[in-house]
Amino acid sequence: MNTRATILTNIVILAAGLLLCYVHGRENIPHTIVFITGVTLIIPGLINLVLLFSHRDDSRHRPTASMKVAGWISSIASVGLGVLMVVAPGLFTPVLVYIFGGVMILASMMLIYLMSRAVRSHGLPVWLYVGPVLVLAAGVVMVCMGQPAITDSMVTLITGIGMVVFSLSWLTASYMVMRHIKAQNKVMTEPSGDYMPDRDHK
């Protein structure tokens with residue numbers, strides 16, 4: 001994902017997660033969290049679509065065809081689902097715990113995959129896995145227990161915390177990757193400092 005899109009997407013996710021934590025105890029919470037989640041899906045999806053339209057490939061950052069297709073599909077699906085959640089939240093409230101549990105599972109698995117690549121290619125520390133693994137565990141618990149064991153208020157709070165942990169984990173990993181790349185580029189561009197005298201000079 002484009003660096004700007006990553007930052008903006010995670011800021012939106014972080015803000016939505018904090019908002020869910022704040023409103024988790026209020027009345028009629030199912031419709032509220034469906035609406036908030038819908039907006040959370042729409043904004044990053046639109047941002048990604050705009051960036052996909054305006055993006056120009058270069059020799060250093062050239063996405064593959066599969067990456068482009070995945071970007072288009074995920075962005076369009078995100079906007080479409082978000083609009084549906086905003087317009088008709090009643091369709092989602094009866095199965096809220098399973099929807100958010102499933103989303104947390106899929107999102108955490110995606111982040112674990114991305115981090116595994118970053119750990120191998122950039123030498124990032126393995127403790128970065130802690131955040132997405134916790135989100136994955138929370139999603140599994142939500143799906144397995146379901147309602148009424150997990151109330152609407154609990155779903156809201158767990159989802160909000162999961163979104164905060166997810167966004168902070170992704171932002172931390174992205175920052176460490178960018179710092180590692182900058183350090184590598186600096187080493188490659190700096191002169192070695194070794195002086196090689198001319199052997200023919202006397």
Side-chain angles (χ1 to χ4, degrees), residues 1-24 32-55 61 63 67-83 85-86 99-139 142 155-183:
M1 183 183 287
N2 183 281
T3 302
R4 290 177 296 170
T6 299
I7 295 174
L8 291 173
T9 298
N10 281 283
I11 290 174
V12 172
I13 295 174
L14 177 61
L18 293 172
L19 183 58
L20 288 177
C21 292
Y22 178 72
V23 303
H24 79 277
T32 303
I33 61 176
V34 171
F35 180 84
I36 293 173
T37 306
V39 174
T40 305
L41 291 172
I42 292 171
I43 295 176
L46 290 176
I47 292 172
N48 289 333
L49 285 175
V50 171
L51 291 175
L52 285 168
F53 271 117
S54 61
H55 178 69
H61 305 286
M67 291 174 62
K68 290 182 179 179
V69 171
W72 280 104
I73 293 175
S74 61
S75 299
I76 294 173
S78 177
V79 173
L81 180 59
V83 170
M85 296 180 81
V86 170
I99 293 175
F100 287 118
V103 169
M104 290 172 68
I105 291 172
L106 294 175
S108 59
M109 290 177 65
M110 179 272 293
L111 188 54
I112 289 172
Y113 168 72
L114 293 176
M115 284 188 174
S116 67
R117 296 180 58 184
V119 168
R120 291 195 304 268
S121 59
H122 300 290
L124 299 187
V126 295
W127 57 259
L128 287 172
Y129 288 115
V130 173
V133 167
L134 290 176
V135 176
L136 175 62
M142 289 172 64
V155 170
T156 310
L157 183 60
I158 294 172
T159 303
I161 294 174
M163 293 172 73
V164 170
V165 173
F166 177 90
S167 61
L168 291 178
S169 299
W170 197 349
L171 286 171
T172 301
S174 299
Y175 169 75
M176 296 182 73
V177 167
M178 289 189 294
R179 189 176 64 175
H180 183 266
I181 292 174
K182 287 182 179 180

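One-based numbering along the sequence shown. Since the structure is predicted, the reported quantities are computational estimates derived from the model, not experimental observations.
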- Note on the structure: Scanning both residues in full, the closest heavy-atom pair of L171 with I7 reads CD2-CA, 4.2 Å

- Quick one: side chain to side chain contact (heavy atoms under 4.5 Å, CB included) partners of Y113, sequence neighbours excluded? S116, R117

- Query: When rounded to the nearest 0.5 angstrom, what distance separates CE in M176 from CG in L128?
  - Reply: 5.0 Å

- Task: Would you give the length of the straight line joining atom CD1 of I42 to atom OG1 of T37, rounded to the nearest 0.5 angstrom?
- Result: 11.0 Å

- Sequence neighbours excluded, which residues qualify as side chain to side chain contact (heavy atoms under 4.5 Å, CB included) partners of F35? V39, V86

- Indicate the atoms forming the closest heavy-atom contact of A16 with M163, along with that distance. CB-CE, 3.5 Å

- In this structure, which one of I158, T159, I161 forms a side chain to side chain contact (heavy atoms under 4.5 Å, CB included) with C21? I161

Under 3.5 Å, which donor-acceptor pairs link side chains of residues 99-112 to any protein atom two or more places apart or in another chain?
from : atom 1 : to   : atom 2 : distance (Å)
S108 : OG     : M104 : O      : 2.8
S108 : OG     : I105 : O      : 2.9

- Between T156 and L20, which heavy-atom pair has the shortest distance, and what is it? CG2-O, 3.3 Å

- Task: Measure the spacing between CG of L46 and CG of L41 and express it to the nearest 0.5 Å.
- Result: 11.0 Å

- Item | Over all atoms of both residues, closest heavy-atom pair of L157 and H24 | N-CB, 3.9 Å

- Return the minimal non-hydrogen interatomic distance between G131 and S169, and the atom names on each side. CA-OG, 3.4 Å

Using a 3.5 Å cut-off and no angle test, enumerate the donor-acceptor pairs between side-chain atoms of residues 132-139 and protein atoms at least two apart in sequence or in another chain.
none

- Could you list the residues that satisfy side chain to side chain contact (heavy atoms under 4.5 Å, CB included) with S167, not counting sequence neighbours? N10, I13, L14

- Message: Please enumerate all residues that pass side chain to side chain contact (heavy atoms under 4.5 Å, CB included) together with V34, with sequence neighbours excluded.
- Response: M85, P89, F92, T93, L96

